[in-house]
Amino acid sequence: MLKKVAILANGGDVSGFNAVIRAIIKTAENNNVECYGFIDGYRGLLNNDIIRLCTSANGNAIGILPKGGSIIGSSTNANVFNYPVEENGKTVYKDLSDKCVENIKKNEIDCLFTLGGDGTQKSARDFSLKGINVIGVPKTIDNDVACTEITFGYNTAVSVAADALDRLHTTGETHHRIMVLEVMGRYAGWIALESAIAGGADVALIPEIPYDINKAAEKILNRKALGKEFSVVVVAEGAMPINGSISIKNVRNNGNGVDNNKLGGAGEKVAQQLQELTGLEARCTVLGYMQRGGTPTAYDRVLSTKYGAKAMQLALEGKFNTLAVIKNGRLDSVPLEDVVGENKVIGAVSGNTPESNLKRVNMDDDLVKTARSIGINLGD
Ligand code: F6P
């Protein structure tokens, strides 16, 4: 019998965090289960920073469905299995997961819900190996969590990017310019590809297809020859030229075994090169955190609510150590082990951890075929 459950939100925030949290709480309350939240993701679990969550009168989880952010915070650099600790004036990395296990036991938490991406679910799976009941919910605007068709937060990010493209379109057309929009997408180009289709872009450069800038320039020059003296280009932050490398803004210190590169500059680089190659003026806009903040789309509110309700249902059914997923358009679940463990289903690709298993754009995907079919140049 479940009595107490706890939620943690981890990694970069997305629109829809609160909608998932609300659905878990409501489903828990409807089944007489008490719900708690650890503040700032795994860091709160480590520091035993925990609060009661409820939707009753004056409860702290009222009216949160359309709210951006996360009422229980989130942490982007809290790998408790490899956590930075100051010792004799030096930073050393330690496995503090046993302290987290102790906190879960002390608070008598019967199941921990981990809302996050690949790195978060990797830690969740490692906690399951330590005997903790966990259930993951796949989050990330990049839509790159393996074994699910869609993550929450992604649809909102695409909508924000598509809106930005509409706006860039009119100013680009007025001034006969190439308008480059840099969107997020570290290892996967889903946002770039889908927003390019939604926003009528002419070129989309994604991490999965190292680009030849001459091909993109050719597309723009062909448009120019037809009298269309402006073009709209979407560049994923992780896009890179053939025989080149990703654009890194700076290197952080978030611990060993994680990708410490802060990306930046991919869009500007493309804009400069296209200006030189086409003779048209080019301008770059970096959309950045606009894609993560603010109210979720109706789609993301529904998806997040479905995910939250499903996660709590899985807990009630005792189906622990799983990830709630969308499979063939329906709610389902898969063992965390299949997502981030040694037996992962999809072949490993480069990602946030050496063991990561990110879902990247496949060349057979309908989005790739559709983009090519309507003449969006993918840099190849
Ligand atoms: O993982 C999602 C993401 O949006 C990436 O596309 C991006 O590189 C990263 O977050 C940036 O996050 P932060 O600056 O918060 O670490």
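All ligand and atom numbering here is 1-based and tracks the order in the structure.
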message: Looking at Tyr36, I'd like to know if the NZ or CZ of Lys4 sits under 6.0 Å from its six-membered ring centre while staying within 45 degrees of the ring's axis.
response: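 Because its charged atom sits under 6.0 Å from the ring centre and within 45° of the axis, Lys4 does stack over Tyr36.
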field: Per-residue contact class, Gln291 against ligand 1 - non-hydrogen pairs under 4.0 Å
entry: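 Gln291 to ligand 1: no contact under 4.0 Å from either part.
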Residue part near ligand 1, for Ile141, under 4.0 Å between non-hydrogen atoms: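 Answer for Ile141: side chain.
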Within ligand 1, which atoms have a heavy atom of [X] less than 4.0 Å away?
X      : answer
Arg186 : 6 (O), 8 (O)
Gly185 : 6 (O)
Arg252 : 13 (P), 14 (O), 16 (O)

field: Distance-only N or O hit between ligand 1 and Lys262, under 3.5 Å
entry: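 There is such a contact, yes.
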query: Do Asp142 and ligand 1 have an N or O pair less than 3.5 Å apart?
result: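 N/O-N/O distance below 3.5 Å exists for this pair.
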message: Is there a side-chain contact between Arg125 and Val339 in this structure, where contact means two heavy atoms from C-beta onward sitting under 4.5 Å apart?
response: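 Not in contact.
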query: Asp202 pairs by salt bridge (charged side-chain N to carboxylate O under 4.0 Å, His left out) with which of Lys224, Arg223, Lys219?
result: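 Among the candidates, only Arg223 passes.
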task: With sequence neighbours left out, write down each residue that passes salt bridge (Lys or Arg N to Asp or Glu O under 4.0 Å) with Asp13, or none if nothing qualifies.
output: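 For Asp13 the salt bridge (Lys or Arg N to Asp or Glu O under 4.0 Å) partners, ignoring immediate neighbours, are Arg292.
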task: Decide if the gap between the ring center of Tyr154 and the ring center of Tyr299 is smaller than 6.0 angstrom.
output: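 They do not qualify: ring centres at least 6.0 Å apart.
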Option set Glu237, Lys139, Met184, criterion heavy-atom distance to atom 8 (O) of ligand 1, minimum: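 Nearest heavy atom to atom 8 (O) of ligand 1 lies in Glu237.
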- request: Provide the full list of ring pair (Phe, Tyr, Trp, His ring centres under 6.0 Å) pairs with a residue in residues 190-234, sequence neighbours left out, each pair given once.
  value: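 Non-adjacent pairs meeting ring pair (Phe, Tyr, Trp, His ring centres under 6.0 Å): His169-Phe230.
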